[in-house]
Amino acid sequence: MTRYRIIVVGGVAGGMSAATRLRRLREDADIVVLERGEHVSFANCGLPYYIGGVIEERQDVLLQSPGSLRSRFELDVRVRHEAVAIDRAARTVRVRDLATGQETDERYDALILSPGASPRRPDVPGAERMLTLRDVADADAVLRELPDARSALVLGGGFIGVEMVENLVHRGLAVTLVEHGDQLLGPLDPEMAEPLARRLRDAGVDVRLGADLVALDGSTATLADGSVVGADLAIAAIGVQPDTALARDAGLALGARGGIVVDEQLRTNDSAIWAIGDAVEKIDALTGTPRLVALAGLANRHGRLAADAIAGRPVRARDALGTAIVGAFGLTAAMTGWSEKALRAAGREPRVVHTHPASHAGYYPGAEQMALKLLIDPETDAILGAQGVGGEGVDKRLDVIATAMAGGLLASDLADLELAYAPQFSSAKDPVNMLGYVARNAAEGLTPSVQWHELEAELAAGATLVDVRTPGEYAGGAIPGSVNLPLDDLRERVGELPPGRLIVHCKVGQRGHTAVRLLAQLGREAVNLDGGYLTWAEGTASRESAAVPVG
């Protein structure tokens, strides 16, 4: 009797999760994994840190080998074998042995496509010498050039680009980061990305925003403004594109974003073919529309779900939030859901909350300040997204919020979460609880607010800006045009304030909230500058950073 045969095209996160899960569910099946690269199971997210020497041993990023997978899971893993064509009618895959060039047709009963995504490259003279970072072979290529390099150019200020910058600095190179956009980490809002840009500059990185590469030669790079920077080593980190040629040529449906279209069971428009990973379009959790999300966590989970579907188990892939995190030079930046700028571009006006809490109780040594941002639907109180930047504790808070979003909690519900507390880990009012308190106050109309980027228009319309910090704080830095009236003096001196709309602020927003409540009960129209002076300072700095000419 012919055994049930499953072919998995592509290894690493998605493909190997699918193959090993299938073996746990189907001992009676033949499972073949085709991987065109040299390694079928490796820690691709760890490659920048292997290049930087943080991960010292090459073996540590090689998780499994064909031999170990054969021994434990009885998987037929074939590296350096590329799937070049699919015959859907015959249910066969044409496979090319890249070592010999020989081609064979392999039969399947079920086929899983996990081809991943290919790094984008710039279309400029000399771009052929730019390296990318997709697999272990790419990391090896970077390491071969490192001994002779004194300078490096990293093109692209996204998550991979920032990680590469940090690790090349660790290797002692003079690094220039060139980003076409006006901020780093495009998925974040500018005031949340600015601290990371500043941290990179403080580490000696030449950060060029609003810049474009026009040419590379042997050891330098020329930018669009005519400036020339050192580039003994040049790395492209300008994003990826889904690797869908195999699926397209087989007549499988592709979406408007260029990814493979799948249903809730990860099945394509062919009932015998599933697709997972970076090549597949996901459904956005907020809009229900397709999007591309290249994240290892989703690839792993979808590999498992596809295996379950093939084994006949009921599955449904959850919609994607796009939760992501990056760290560099001791600073962490993380996000989940949509950003404010993306929401506004889509015609949605979110309610926004900024806070600047400490990672744990301030009286316990070592507390680090972070900035958190919560985006809320003003009509339903639904959480639309969140961002965080800072030191210790950012990851924990964003994970809690992502979990709350997955569970359908409202922004105000964050106030009531029962979270672990001891002084060295958090505060009795955890930063996530504080976001909930502020969100609830806003939802109930107790403390209306304006955003840092709305302040200029408010003042032009005649509002008065009142700084309720102490005179010492005010002297150390103030928003131009503001009036200093400390919170503790506000009751007695409220008559000094001019009539009309008042915008109050403190350092981070908490004293501003108290001032708004006091003024409202004294009959004055008052709103809080959300996130206070710190948020305004980061926001205006991001504008200035983007406007600084390069070169």
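Treat the numbers as computed from the prediction; the structure is a model and nothing was measured. Note that these values count all heavy atoms, side chains included, but never hydrogens, waters or copies made by symmetry. Here, residue 1 is the first one in the sequence, and each next residue gets the next number.
Applying the side chain to side chain donor-acceptor pair (under 3.5 Å) rule to pairs touching residues 169-179 yields nothing, sequence neighbours excluded.
Considering only residues two or more places apart in sequence or on other chains, Tyr421 meets the ring-ring contact (aromatic ring centres under 6.0 Å, His included) condition with none of them. Residues satisfying the side-chain contact (heavy atoms from CB on, under 4.5 Å) test with Leu292, not counting sequence neighbours, are Pro242, Arg257, Glu281. Applying the ring-ring contact (aromatic ring centres under 6.0 Å, His included) test to Phe159 and every residue at least two apart in sequence or in another chain returns nothing. For Thr464, the side-chain contact (heavy atoms from CB on, under 4.5 Å) partners two or more places apart in sequence, or in a different chain, are Val466, Val483, Pro498, Leu502. Scored by the ring-ring contact (aromatic ring centres under 6.0 Å, His included) test, His360 finds Tyr364 as partners (sequence neighbours excluded). When the salt bridge (Lys or Arg N to Asp or Glu O under 4.0 Å) test is applied to Arg493, the partners found at least two apart in sequence or on another chain are Asp489, Glu496. Looking at residues two or more places apart in sequence or on another chain, you find a salt bridge (Lys or Arg N to Asp or Glu O under 4.0 Å) between Asp467 and Arg469. Residues meeting the salt bridge (Lys or Arg N to Asp or Glu O under 4.0 Å) test with Asp232, sequence neighbours left out: none. Residues forming a side chain to side chain donor-acceptor pair (under 3.5 Å) with Thr535 (at least two apart in sequence, or on another chain): His356. Partners of Ala342 by side-chain contact (heavy atoms from CB on, under 4.5 Å), not counting sequence neighbours, listed by chain and number: Trp338, Ser339.
No side-chain donor from either of His513 and Asn528 sits under 3.5 Å from a side-chain acceptor of the other.
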Original post:
Going through the checks in order, is the side chain to side chain contact (heavy atoms under 4.5 Å, CB included) test met by Arg291 and Ile283?
Top reply: CA-CA 6 Å; Arg291 63 180 293 199; Ile283 300 300; over 6 Å; no
Subject >> side chain to side chain contact (heavy atoms under 4.5 Å, CB included) between Tyr49 and Glu163, worked out >> reply: CA-CA 8 Å; Tyr49 304 96; Glu163 290 175 344; 3.4 Å; yes
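When every heavy atom of Asp278 is checked against every heavy atom of Gly116, the shortest pair comes out as CB-C, 4.0 Å. Across all non-hydrogen atoms, the minimal contact from Arg199 to Gly330 is NH1-C, 3.7 Å. Heavy atoms only, all atoms of each residue included: Val516 and Pro448 are closest at CG1-CD, 4.3 Å. Of all non-hydrogen atoms in Ala386 and Leu398, the two that sit nearest each other are O-CD1, 3.6 Å. Nearest approach of Leu372 to Pro431, heavy atoms of both residues: CD1-CB, 3.8 Å.
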Atom pairs and distances, donor-acceptor, side-chain atoms in residues 403-413, under 3.5 Å, two or more places apart:
from	atom 1	to	atom 2	distance (Å)
Thr403	OG1	Asp399	O	2.8
Ser412	OG	Asp381	OD2	2.8
Asp413	OD2	Leu410	N	2.8

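Judged by distance alone, with hydrogens and angles left aside, the side-chain atoms of Glu454 form a donor-acceptor pair with the main-chain N or O of Gln451 at under 3.5 Å. Between the Arg121 side chain and the Met130 main chain, a donor and an acceptor come within less than 3.5 Å of each other. The main-chain N or O of Ala296 is never found under 3.5 Å from a side-chain atom of Arg301 such that the two would form a donor-acceptor pair. When atom types are taken as modelled, the side chain of Asn433 and the backbone of Lys429 share no donor-acceptor pair closer than 3.5 angstrom. With hydrogens and angles disregarded, a donor-acceptor distance shorter than 3.5 Å links the side chain of Asp377 to the backbone of Glu379. Of the possible polar contacts, one joining the Asp530 side chain to the His354 backbone as a donor-acceptor pair under 3.5 Å is found. With Arg511 contributing its side chain and Leu487 its backbone, the two residues share no donor-acceptor pair below 3.5 Å. Using a distance-only test at 3.5 Å, with no hydrogens or angles considered, a donor-acceptor pair links the side chain of Thr287 to the main chain of Thr289. Although no hydrogens or angles enter the test, the distance criterion places no donor-acceptor pair under 3.5 Å between the side chain of Ser227 and the main chain of Leu223. Remark: side-chain polar atoms of Arg351 are not paired, donor with acceptor, to backbone N or O of Ala439 under 3.5 angstrom.
Summarising the local packing, CD of Glu473 is surrounded by more than 12 heavy atoms from other residues, nucleotides or ligands at distances under 6.0 Å.
Using a 4.0 Å cut-off between charged side-chain N and carboxylate O, Arg208 and Asp206 make a salt bridge. Using a 4.0 Å cut-off between a side-chain N of Lys or Arg and a carboxylate O of Asp or Glu, Asp189 and Arg344 do not qualify as a salt bridge.
Side-chain contact between Arg501 and Val527: present, with at least one pair of heavy atoms (C-beta onward) separated by less than 4.5 Å. By the 4.5 Å heavy-atom criterion applied to side chains, Leu200 and Leu177 are counted as neighbours.
None of Leu213, Leu173, Ile235, Thr220 except one satisfies the side-chain contact (heavy atoms from CB on, under 4.5 Å) rule with Leu153; the exception is Leu213.
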